[in-house]
Enquirer: 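I have a structure here, written as structure tokens, and I will follow up with some questions on it.
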Amino acid sequence: MSEETVSITIDGVEIEATPGQTILQAADAAGIYIPRLCAHPELEAFGACRVCTVKVNGRPQAACTTPVAKGMMVENDTSELLEYRRSLIEMLFVEGNHFCMFCERSGNCELQALAYRFGITAPRHDYQYPVRTLDGSHPEVFIDRNRCILCGRCVRASRDVDGKHVFDFVGRGHEKRIWIDAEARLADTPLKGEDRAVSVCPVGAILRKGTAYRDPIGRRAYDHRPIGSDIEACRPAEKKG
Amino acid sequence: MAVTQTVEQPASRRIVIEPVTRVEGHGKVTILLDEQDRVKQARLHIVEFRGFERYIRGRPYWEAPVLVQRLCGICPVSHHLAAAKAMDQIVGVDTLPPTAEKMRRLMHYGQMLQSHALHFFHLVSPDLLFGFDADPAVRNIIGVARKFPDLAVQGVMLRKYGQEIIKATAGKKIHGTGAIPGGINKNLSVEERDGFLKDLDQIFTWARDALKIARDYSMDHLKELADFGSFDSNHLSLIRADGAMDLYHGGLRAIDAKGKRIFDHVDYRHYLNYIAEEVKPWSYMKFPFIKALGPEKGWYRVGPLARLNTADFIDTPEAEAARQEFMTLTKGKPNNITMAYHWARMIELLHSVEKIRDLLHDPDLQGTDLVARGERRPVGIGLIEAPRGTLFHHYEVDDNDQIVRCNLIVSTTNNNMPMNRAVEKVARDFLEKVEITEGLLNRIEVAIRAYDPCLSCATHAMGRMPLEVEIVGADGRLRARGGKGVEIR
Ligand code: FES
């Protein structure tokens, strides 16, 4: 390799990483899937959802924000971390109103796909059934806040990719919400249907009108292969297993 | 097993006035007597599930065809398609691309096949094969499977074929997503088509056999069936422009018990000018009626029997031959025999198989033009002939693409008054003393079942419906009570 690399170990497998990469990026490049929700390859890391939590030299860290360092010992695929991630996903399900059975994102939804990957059938916590609002005012985009998981992808994409700053967070903690930079309606923002802020939504919260259910069941992203299998498919043969 | 008891203590009038205070889907019959202890009226109480109309408010319109399937576990495709037809209106599409309409039709005939097969083989055949009074321990699908194993297998296989068609068109056997506003999301691949064609001959044989069982049974027992739970009524269905039976689309036709047209080829988007719903204090399920005739005379039947009566002809040869034979029974006049539903249902089953064959041979199913778009409209009304009868979906959508109002009239609601009449007739004919016998309970059950009530979508309950029968005297006192579990769906 022309660049200088550092080696780190993930679950006992030694991989080469480029300095400046995050653990998540290095793992992706090596074909090792670390589950994630708020991270997106085109967006700056944010560290909000904690689904990517790994143990670095024994301490929990977000893989999407932690840069690689020489000799790091990373734990990823352990029953302890799996359990931790499962409960995070379960919390997301009960904190919103996620009805996969009729959601147009079903089969293409990253939250649902993670639940399937983790073998979650029903959450162990009580559903909170929060009251959330919808915004259908925009001619090309529909917002259903029932399904927002506060990953902030839209905030970053609008600001950094679209250069518009249409979305932002308001409130704190339990009250935290994604808001838009207009008094009340999405229609009053400069948002366009083709904006990246729309298509990066991992769930069914920001929807492009006119696209619902266009992918037949059987041809949706996660109908046949679990989320992360595209990354795992890139794993060099000698490092498999 | 039936449990009957005579009630010693007088009970209050409240029981009659507010009968459905128990579990949802608790089917209850109240038989009201006159001073001479003769049957004055029978009331079938069903809790109608209306929560959906509220729930869907605010949802984006394109969700409705998928969401609404949750109303019913057994005919979700009918709701899916009726809502999709309403949403075609919302997106301003009056004519779908041929591939889209034919895929939807294929889905619909698949649904008709699986629903009719399930009803006939699973729920009805035990009554027909063992007799209404046979021990309930034998008179069930397990009993049929023991004594007539081939028949039970045929029922399962016919149903499976229908379900596979649903899967190929909607994506899943239940709760698929195929129909979208203005079209469909997939076509039928050549491999899928060839898979269905391979089994078609066998399916035809079984469908013909099923029709023969229903027909022979009806002819052999004509004397006892003709009057069983029967009464004169109007009949309503969609009808094709040329008068052919059309289970997917058409104008509304209503005829009276003698066959006189009440209205014909009515654009169903104007149904509110012709149909209204009456609320009765003792029932949560409404009573639809033809406005011009009023609630007393305007109620009507829907479903297979009504469709056979309204149609001028069927456009597939085998079902048409069967229809002609069926109609000779009543000399071409409408058939008002409750138990004739079963025969009519099997004619439709064969018709559906013929339609499936014709569609499978149609190259349009491999077309790629799947969705049309037009000018947005505020109101969408979609009707379809569901397995148990005309199904109405009506939505209003605001400028934000959100549903602001929804009204559904499900098939079972359309048949509400007819089911009451059927129970009343049975009570008149079979109530000998003020006593609820097993024979009476069985007969009430058989009469209700002829209408294939989808109590699960009218009431949102599934499984075994506890059927409870009460006899109430002219003074309002409870005179007897009895009950049993009845298979519903
Ligand atoms: S993906 Fe790392 S915190 Fe969300």
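Lettering of chains follows the sequences in order, A, B, ..., and the numbering in each one begins at 1. In this text, all values refer to a predicted model and were calculated from it rather than measured experimentally.
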Enquirer: Give the minimum heavy-atom separation between Gly58(B) and Phe142(A), together with the two atoms involved.
Expert: O-CZ, 4.5 Å
Enquirer: Could you pull out every donor-acceptor pair under 3.5 Å between chain A and chain B?
Expert:
from, atom 1, to, atom 2, distance (Å)
Glu104(A), OE1, Trp62(B), NE1, 2.6
Asp144(A), OD2, Arg59(B), NH1, 3.1
Asp144(A), OD2, Arg59(B), NH2, 2.5
Arg147(A), NH2, Glu63(B), OE2, 2.7
Lys209(A), NZ, Asp401(B), OD2, 2.7
Tyr213(A), O, Asn185(B), ND2, 2.9

Enquirer: Any non-hydrogen side-chain atom of Pro60(B) less than 4.5 Å from a side-chain atom of Leu207(A)?
Expert: no
Enquirer: Of the backbone (N, CA, C, O) and the side chain (C-beta and beyond), which part of Val371(B) lies under 4.5 Å from a heavy atom of chain A, both, or neither?
Expert: side chain
Enquirer: Could you tell me which portion of Ala179(B) (side chain, backbone, both or neither) has an atom closer than 4.5 angstrom to a non-hydrogen atom of chain A?
Expert: neither
Enquirer: CZ of Phe46(A): more than 12 outside heavy atoms within 6.0 angstrom?
Expert: yes
Enquirer: Looking only at heavy atoms, what is the nearest atom pair of Val66(B) and Phe102(A), with distance?
Expert: CG1-CA, 3.7 Å
Enquirer: For Leu67(B), which atoms come within 4.5 Å of any heavy atom of chain A: side chain, backbone, both, or neither?
Expert: both
